[in-house]
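These notes are about the structure you will find just below.
Computed from heavy atoms alone, side chains included, the values below leave out hydrogens, waters and symmetry copies.
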Amino acid sequence: MVHWSAEEKQLIASVWGKVSVEECGAEALARLLIVYPWTQRFFDNFGNLSSPTAIIGNPKVRAHGKKVLTSFGEAIKNLDNLKGTYSKLSELHCDKLHVDPENFRLLGDILIIVLAAHFGKDFTPACQATWQKLVGVVAHALAHKYH
Amino acid sequence: MLTAEDKKLIQQVWGKMGGAEEEVGAETLWRMFTAYPPTKTYFPHFDLSQGSDQIRGHGKKVVAALGTAIKNIDNLSQALSELSNLHAYNLRVDPPRFALQLLAQCLQVALAVRLGKEYTPEMHSAVDKFMSAVAAVLAEKYR
């Protein structure tokens, strides 16, 4: 089980408290599709993904980004039981969606860059370190039920 | 790999640092040491406390090397040849395929912190591609 210090929990909560799940989620997903275009393979039915502008403006991307980050919020509420929290989602990503877990790491890193751009200097190195740890364990939990 | 547009964007990003290259370099390294403690194992001879002269000095070196790479972006292999040798034969840092990802992530964060909204997805993408290209060249001679 992952151990979280009081300071880490504080750093997570203080950032999360100021995050617009809709905006950051949409931006993170859009950047994933732009920076790593091969990830578009999972979104054939999303319509126009032909350019950065199209991706950013795509309503399905926005909606799905919000969904993903909302789910991330669940992880934050259940830091002491990430594997349990993500058990079903992990099975889903493996059995139905067939997503290589490497993609979770990519999205996690992108989320961090989005937060950095959003919070500027307030996204301190200590903050980044805690959040890198968080996205890492979330990715690990999502990959846990793969077989 | 790197399109003409990418190259333009990278120059732009570098231009926006406006003389703060040394700071960006030091911040990048400090973020890397903080977020990825195992990276410190390559610097047992350094004072790794925050703001140390050695971190500043080394950060400056790293960013200068990246600057050189950008000036020679059409011939990275040659421009980074000596650094490539150094990393492969002397430093033997875990192949840049892996270790450089961590440095690249922290550089991206440092740039995003500075540039905020100006750090567009297109710039993000270009820098990511550039750092991959640099990593590939640095890893060329490993085996």
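Chain A forms more heavy-atom pairs under 4.5 Å with one residue of B/Ala110, B/Ala126, B/Pro37, B/Gly116 than with any other, namely B/Gly116. Contacts with chain B were tallied for A/Ile110, A/Ile112, A/Thr124, A/Asp122; A/Thr124 has the most, counting heavy-atom pairs under 4.5 Å. Ranked by heavy-atom pairs under 4.5 Å with chain A, the first of B/Ala35, B/Cys106, B/Pro121, B/Ser125 is B/Pro121. Heavy-atom pairs under 4.5 Å with chain A peak, among B/Lys129, B/His124, B/Gln108, B/Glu118, at B/His124.
Other residues, nucleotides and ligands place no more than 12 heavy atoms under 6.0 Å from the NE2 atom of A/His144. Few gaps surround CG on B/Asp47; more than 12 heavy atoms of other groups in view lie less than 6.0 Å from it. Annotation: A/Glu102, atom CD; neighbour count of heavy atoms from other residues, nucleotides and ligands within 6.0 Å is above 12.
Between the side chains of A/Asp95 and A/His147, a donor-acceptor pair is found at a separation under 3.5 Å. Inspection of the A/Gln132 and A/Gln128 side chains reveals an N or O donor paired with an N or O acceptor under 3.5 Å.
Scanning residues 4-34 of chain B against chain A with a 4.5 Å non-hydrogen threshold yields B/Trp30, B/Arg31, B/Thr34, sorted by number.
For an aromatic pair to be called close, the ring centres must be under 6.0 Å apart, and A/Phe43 with A/His64 satisfies this.
With a threshold of 4.5 angstrom between heavy atoms, A/Leu115 does not approach chain B through any atom at all. For A/Thr130, no part sits under 4.5 Å from any heavy atom of chain B, backbone or side chain.
Between A/Tyr36 and A/Trp38, the ring planes lie tilted relative to each other; the angle falls in the 30° to 60° range. Under the 30°/60° scheme for interplanar angles, the aromatic rings of A/Phe72 and A/Trp16 are found to be tilted.
Scanning both residues, A/Thr39 and A/Leu32, for their nearest heavy atoms gives OG1-O, 3.2 Å.
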